[in-house]
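These notes concern the structure reproduced below.
Since the model is a prediction, treat every value here as computed from it, not as a measurement.
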Amino acid sequence: NVMLPRIGAFVGGSAGGLFAHHASRKSGNVFYQFGTDPNFRKVYLEKYITMDPMFGTYFVLDVGEVFSTSTVMSHAEFLQSRFYIEWIRPQGWIDNICVYLDRTPESHVGLALFRNEREGLADEPARERLRLLVPHIRRAVLIGKVIEFKTAQAATFADALDGLSTAMLFVDSNGRVIHANTAGRAMIADGDVLRASLG
């Protein structure tokens with residue numbers, strides 16, 4: 001997504017991603033990212049996600065509340081953690097700025113921006129810049145969820161129709177077929193529709 005690097009440039013983060021985690025899955029999903037290494041992302045989801053000091057914060061922080069590792073724990077303590085030593089430091093990062101954009105009892109969606117030494121520890125001006133964007137990013141995420149839900153509903157409906165042994169054809173006002181289930185496509189391929197309309 002072209003917007004994430006722009007958000008990073010505005011807020012102050014050289015890498016980042018839009019992520020989600022669902023309780024029924026052992027790992028999370030990264031939907032969009034920039035400036036991150038796919039191998040590090042993979043090992044994070046497989047091994048380091050539960051070591052991340054940010055991992056449990058979605059239980060206690062409000063949706064829309066902007067925070068950083070340095071606001072959740074002391075930076076000195078963070079630098080001693082296995083998570084920092086094995087996963088953060090090798091990528092050249094020292095801190096992050098995060099926000100949860102949506103939360104249900106089963107899942108959460110968030111945005112994380114990572115800061116390198118040149119950018120320094122996350123400070124209040126950087127967090128305030130992200131706060132300015134949060135309502136707009138949340139709106140985009142929620143719209144995306146609605147579209148995803150409607151797409152899933154349509155796919156479920158199409159799958160249900162495909163499961164029928166009876167041919168089903170949906171036509172528009174001009175008689176053009178706009179959808180046919182599996183049996184309907186087979187009937188069209190066999191020419192049965194043409195014979196039926198001529199008979």
Within-4.5 Å side-chain heavy-atom neighbours: [X] and [Y]:
| X | Y | value |
| --- | --- | --- |
| Arg115 | Ser14 | no |
| His75 | Leu121 | yes |
| Leu18 | Val109 | yes |
| Leu101 | Leu111 | yes |
| Val99 | Arg131 | no |
| Ile97 | Val11 | yes |
| Pro53 | Tyr84 | no |
| Ile7 | Leu4 | yes |

Show the nearest heavy-atom pair for residues [X] and [Y], with the distance to one decimal.
| X | Y | answer |
| --- | --- | --- |
| His136 | Arg139 | ND1-NH2, 2.9 Å |
| Asp95 | Ser70 | OD2-OG, 2.7 Å |
| Ala122 | Asn96 | CB-O, 3.6 Å |
| Gly35 | Trp93 | O-CZ2, 4.1 Å |

For this session: Flag yes if Ile137 and Val63 sit in one hydrophobic cluster, no otherwise; membership is Ile, Leu, Val, Met, Phe, Trp, Tyr, and two members link when side-chain heavy atoms are under 4.5 Å apart.
Result: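 Ile137 does not cluster with Val63.
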For this session: Just jot down the side chain to side chain donor-acceptor pair (under 3.5 Å) partners of Arg82, sequence neighbours excluded, or say none.
Result: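 For Arg82 the side chain to side chain donor-acceptor pair (under 3.5 Å) partners, ignoring immediate neighbours, are Glu86.
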For this session: State plainly whether the residues Arg129 and Glu124 are in salt-bridge range, i.e. N to O under 4.0 Å.
Result: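 Salt bridge absent between Arg129 and Glu124.
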Exercise. Considering residues at least two apart in sequence or located in another chain, which fulfil the side-chain contact (heavy atoms from CB on, under 4.5 Å) criterion with Asn174?
Worked result: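 Residues passing side-chain contact (heavy atoms from CB on, under 4.5 Å) with Asn174: Asp172, Arg176.
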Exercise. Between the side chains of Tyr100 and Asp62, is a donor N or O closer than 3.5 angstrom to an acceptor N or O?
Worked result: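 No, no side-chain donor-acceptor contact under 3.5 Å.
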For this session: Please step through side-chain contact (heavy atoms from CB on, under 4.5 Å) for the pair Phe83 and Tyr44, ending with a clear verdict.
Result: CA-CA 10 Å; Phe83 179 70; Tyr44 174 82; 3.6 Å; yes
Problem set entry | Atom pair CE (Met73) and OG (Ser68), whose distance is rounded to the nearest 0.5 Å |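 Here the interatomic distance stands at 13.0 Å.
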